[in-house]
Visitor: 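Submitted below is the structure of interest, expressed as structure tokens.
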Amino acid sequence: MSIAGIKGMNDILPEDVATWQFVETTARSVFGAFGFNEIRVPVVEKTELFCRSIGETTDIVEKEMYTFTDRSDNSLTLRPEGTAPVMRSLIQHKLINQNPVQKLYYSGPMFRYERPQKGRYRQFHQIGAEVVGIDSPLIDAQILVMLDHFFKQVGISDVALQINSLGCPQCRPGYRDALIAFLDQRLASLCSDCQRRFRQNPLRALDCKVPGCKEATEEAPIVLDHLCAGCDDHFSAVRTHLQNLEVSFSINPRMVRGLDYYTKTTFEMITNSLGSQNAVAAGGRYDGLIQKLGGPDLPGIGFAMGVERLVLLLSELKLTNAQIDLFIAALGTEAQQHGFKLLSFLQRSGVRAEMDYTDKSLKSQMRRADKLGARYSLIIGEDELTKRSAPLRNMSGGEQIDVDIDNFEGVLSTVAPAETL
RNA sequence: GUGGGUGUAGCUCAGUCGGUAGAGCACUGGAUUGUGGCUUCAGAUGUCGCGGGUUCAAGCCCCGUCACUCACCCCA
């Protein structure tokens, strides 16, 4: 019995890697242009970090974390998200003292013990960005402009930006009470899930998919009507900036975020071509989080994108791995040895070169050259060895020229793509 | 954690009433002493997920189990 991988933890095979790299390099260049620097943090943290940041009563902390004790009896957890570790690092290294504005991005695997389904895995990858130290709505808008731009750069148009405001510690409790009072009146018409969580997380009822709940909450009070003056001004400034920059968005007052630390602006990039896991990027402001984690009282805002979901949206793109420059078809041991010398020289010179390491027929070697997408092929047999000259074939047109098989530099200069010279 | 669907060749899948395993693609070789793509001919390929049961006989029926997958829940 061979050993299989772990449920929900997928291999990313060579044929898919080009798409992943495309997403990653696009994110790097876009985030870089917006002034973000990469930070790399461990995938394991003390369990406490996530309990304090994400919230004790969230599903993530209650039942989805990969938590274990190490040999020293510390409780450790495989990170289920990236913001908390980045904030921990920022506090620990007092980065804010070096620069009062921190713009950071990260990329890497996250872990949640959930039942896998389309777009949802136990090990999944996020690329996220965070800004710490600025409470201006300009930054909220900048994050959204960057997100919008990233999707355009990567070529995904089947997404819609939704925004909302969750208020702050001044105005949210009042809204929460109003909502609970409202739901309490119609408890009977809510689904069992909503009944169960209605005291702990009443907001959930607002985006419940059960028709009965949708109906019952149609007239429910809306956060946006309960915002304090500060939050209201902030939210309208964000909207104005987005309009000025021609970023299209819609307001979804029923949008709920899964992590406790969000305040004020929250947002999601939604698609309808991914099945039920429709959020491809999401985030929001988290003004109290850093202080809660033992740092200074600094505002923050950020988001994370699900890389698997991005790749799924790009799957029809069918990017391929780089094609090779030259395939050397050698016939016979002696030719193979000479070919191998030339091959190694070219590879060391940075040219993508390949050959057949077994002694197959020329036909099959040419087939392989074609399959690898070689730009050129060089055919070395017995005649060529005695003449010290071999046909170099242009695989797209089919025309051939004879080249000196001892003049490695000469082969290199005709075969190398322009950019490597 | 709950529910549905699917497990047969490397891949996508067919397999009738239970009668000893098939196609396309891919692969290998030939047609072209030594030239890829297009065409054509030939060839190789199986723990029918696994374990048990019924039967003269099981890919097919029954029981169990595992894996994958979609959905609920939740979320990126």
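In what follows, chains are A, B, ... by sequence order, proteins preceding strands, each numbered from 1. In this text, all values refer to a predicted model and were calculated from it rather than measured experimentally.
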Visitor: Where the side chain of A/Asp370 is concerned, which of B/A76, B/G36, B/G29 is the nearest nucleotide?
Guide: B/G36

Visitor: Return the nearest nucleotide to the side chain of A/Pro391; candidates are B/A76, B/G34, B/A26.
Guide: B/G34

Visitor: Just name whichever nucleotide pairs with B/C60, Watson-Crick or G-U, keeping both distances under 3.5 Å, else none.
Guide: none

Visitor: Any side-chain heavy atom of A/Leu412 sitting closer than 4.5 Å to one from A/Phe408?
Guide: no

Visitor: Separation of A/Leu362 atom CG from B/G30 atom P, in whole Å?
Guide: 10 Å

Visitor: To the nearest Å, how far apart are A/Met9 CE and B/A76 C1'?
Guide: 16 Å

Visitor: At 4.0 Å (heavy atoms only), tell me whether A/Ser396 reaches a base, stays on the sugar-phosphate, or touches nothing.
Guide: base

Visitor: Under 4.0 Å, heavy atoms only, any strand: does A/Gln400 hit a base, just the sugar-phosphate, or nothing?
Guide: base

Visitor: Looking at A/Ala353, is its backbone amide N or carbonyl O close enough to the side chain of A/Gln347 to form a donor-acceptor pair, meaning the two atoms are under 3.5 Å apart?
Guide: yes

Visitor: Rounded to whole angstroms, how far apart are CD on A/Glu114 and C1' on B/U2?
Guide: 15 Å

Visitor: Could you tell me how far apart A/Glu62 (CD) and B/C73 (P) are, to the nearest whole angstrom?
Guide: 17 Å

Visitor: With both distances under 3.5 Å as the test, what is the Watson-Crick or G-U wobble partner of B/G3?
Guide: B/C70

Visitor: Would you list the pairs meeting salt bridge (charged side-chain N to carboxylate O under 4.0 Å, His left out) in which at least one residue belongs to residues 119-137 of chain A, sequence neighbours left out?
Guide: A/Glu114-A/Arg120

Visitor: In terms of side-chain heavy atoms of A/Ser361, which of B/G34, B/A76, B/G29 is nearest?
Guide: B/G29

Visitor: P atom, B/U6 versus B/G49: distance in rounded Å?
Guide: 13 Å

Visitor: In terms of the nearest nucleotide of RNA chain B, which residue is placed more toward the 5' end: A/Glu64 or A/Ile379?
Guide: A/Ile379

Visitor: Please report the distance separating the P of B/A9 from the corresponding atom of B/G46, rounded so that it comes out in whole Å.
Guide: 11 Å

Visitor: Please classify the nucleic acid contact of A/Ile127 as base, sugar-phosphate, or nothing, using heavy-atom distances under 4.0 Å.
Guide: nothing

Visitor: Checking A/Ser276 against A/Gln117: is there a side-chain donor and acceptor pair closer than 3.5 Å?
Guide: yes

Visitor: Which nucleotide wins on minimum distance to the side chain of A/Met366, given the candidates B/G37, B/U35, B/A76?
Guide: B/U35

Visitor: A/Lys371 NZ to B/G10 P: how many Å, rounded?
Guide: 15 Å

Visitor: With rounding to the closest Å, how many angstrom separate the P atoms on B/A58 and B/G53?
Guide: 12 Å

Visitor: Does B/U39 have a Watson-Crick or wobble mate here (both distances under 3.5 Å), and if so which one?
Guide: B/A31

Visitor: Could you check whether A/Ala369 gets within reach of a base, just the sugar-phosphate, or nothing at all, counting any heavy atom under 4.0 Å?
Guide: nothing

Visitor: Pull out every protein N or O sitting under 3.5 Å from an N or O of nucleotides 67-71 of chain B, one pair per line with the distance.
Guide:
residue : atom : partner  : partner atom : Å
B/C68   : OP2  : A/Lys7   : NZ           : 3.1
B/C70   : OP2  : A/Lys118 : N            : 3.0
B/A71   : OP1  : A/Ser276 : N            : 3.3
B/A71   : OP2  : A/Gln117 : NE2          : 3.1

Visitor: Please round to the nearest 0.5 Å and tell me the distance separating atom CG of A/Asn252 and atom CG of A/Asp207.
Guide: 8.0 Å

Visitor: Quantified in whole Å, what is the C1' atom distance between nucleotide B/G15 and nucleotide B/G22?
Guide: 7 Å

Visitor: Looking at A/Lys341, A/Arg388, A/Lys387, which one forms a salt bridge (Lys or Arg N to Asp or Glu O under 4.0 Å) with A/Asp406?
Guide: A/Arg388

Visitor: What does B/C25 pair with, Watson-Crick or G-U, if both distances are under 3.5 Å?
Guide: B/G10

Visitor: Please check if the number of heavy atoms outside A/Arg352 that lie under 6.0 Å from its CZ is greater than 12.
Guide: no

Visitor: Considering every strand shown, what is the Watson-Crick or G-U wobble mate of B/U16 when both distances are under 3.5 Å?
Guide: none

Visitor: Which comes earlier along RNA chain B counting from the 5' end, the contact point of A/Val307 or that of A/Leu331, where each point is its nearest nucleotide?
Guide: A/Leu331

Visitor: Write down the distance separating the P atoms in B/A14 and B/C73, rounded off to the nearest Å.
Guide: 31 Å

Visitor: For B/G24 and B/G51, measure between their C1' atoms and round to the nearest Å.
Guide: 33 Å

Visitor: Just N and O in the side chain of A/Arg204: are any of them under 4.0 Å from OP1 or OP2 of B/C75?
Guide: yes

Visitor: If you check the A/Ile60 side chain, which of B/C73, B/C75, B/G29 turns out closest?
Guide: B/C75

Visitor: What is the distance, to the nearest angstrom, from the OH atom on A/Tyr113 to the P atom on B/C75?
Guide: 18 Å

Visitor: Would you call the rings of A/Phe31 and A/Phe150 parallel, tilted or perpendicular, taking 30° and 60° as the class edges?
Guide: tilted

Visitor: Categorize A/Thr58 for me: base, sugar-phosphate, or nothing, with a 4.0 angstrom heavy-atom threshold over every strand shown.
Guide: nothing

Visitor: Does the B/C27 base have a donor-acceptor partner in the side chain of A/Arg368 within less than 3.5 Å?
Guide: no

Visitor: Could you tell me how far apart A/Lys387 (NZ) and B/G34 (P) are, to the nearest whole angstrom?
Guide: 16 Å

Visitor: Can you find an N or O donor on one side and an acceptor on the other, under 3.5 Å apart, linking the side chain of A/Glu384 with the base of B/G34?
Guide: yes

Visitor: Can you tell me how far P of B/U35 sits from CD of A/Glu399, to the nearest Å?
Guide: 18 Å

Visitor: Is it true that A/Arg257 and A/Glu268 have a side-chain N and a carboxylate O under 4.0 angstrom from each other?
Guide: yes

Visitor: Distance between the P atoms of B/G4 and B/C63, in whole angstroms?
Guide: 14 Å

Visitor: Under a 3.5 Å cut-off for both contacts, is B/C48 paired Watson-Crick or G-U wobble with anything, and if yes, with which nucleotide?
Guide: none

Visitor: A side-chain contact here means heavy atoms from C-beta on lying under 4.5 Å apart; do A/Glu48 and A/Ser75 qualify?
Guide: no

Visitor: Less than 3.5 Å apart, any donor N or O on the side chain of A/Thr271 or A/Arg309 sitting next to an acceptor on the other?
Guide: no

Visitor: Taking the side chain of A/Arg393 as its heavy atoms from C-beta onward, which of B/G36, B/G34, B/A26 lies nearest to it?
Guide: B/G36

Visitor: Would the base of B/U35 count as contacting A/Gln365 through its side chain, where contact means a donor and an acceptor less than 3.5 Å apart?
Guide: no

Visitor: Determine the interatomic distance between C1' on B/C70 and the same-named atom on B/C17; round to the nearest Å.
Guide: 33 Å

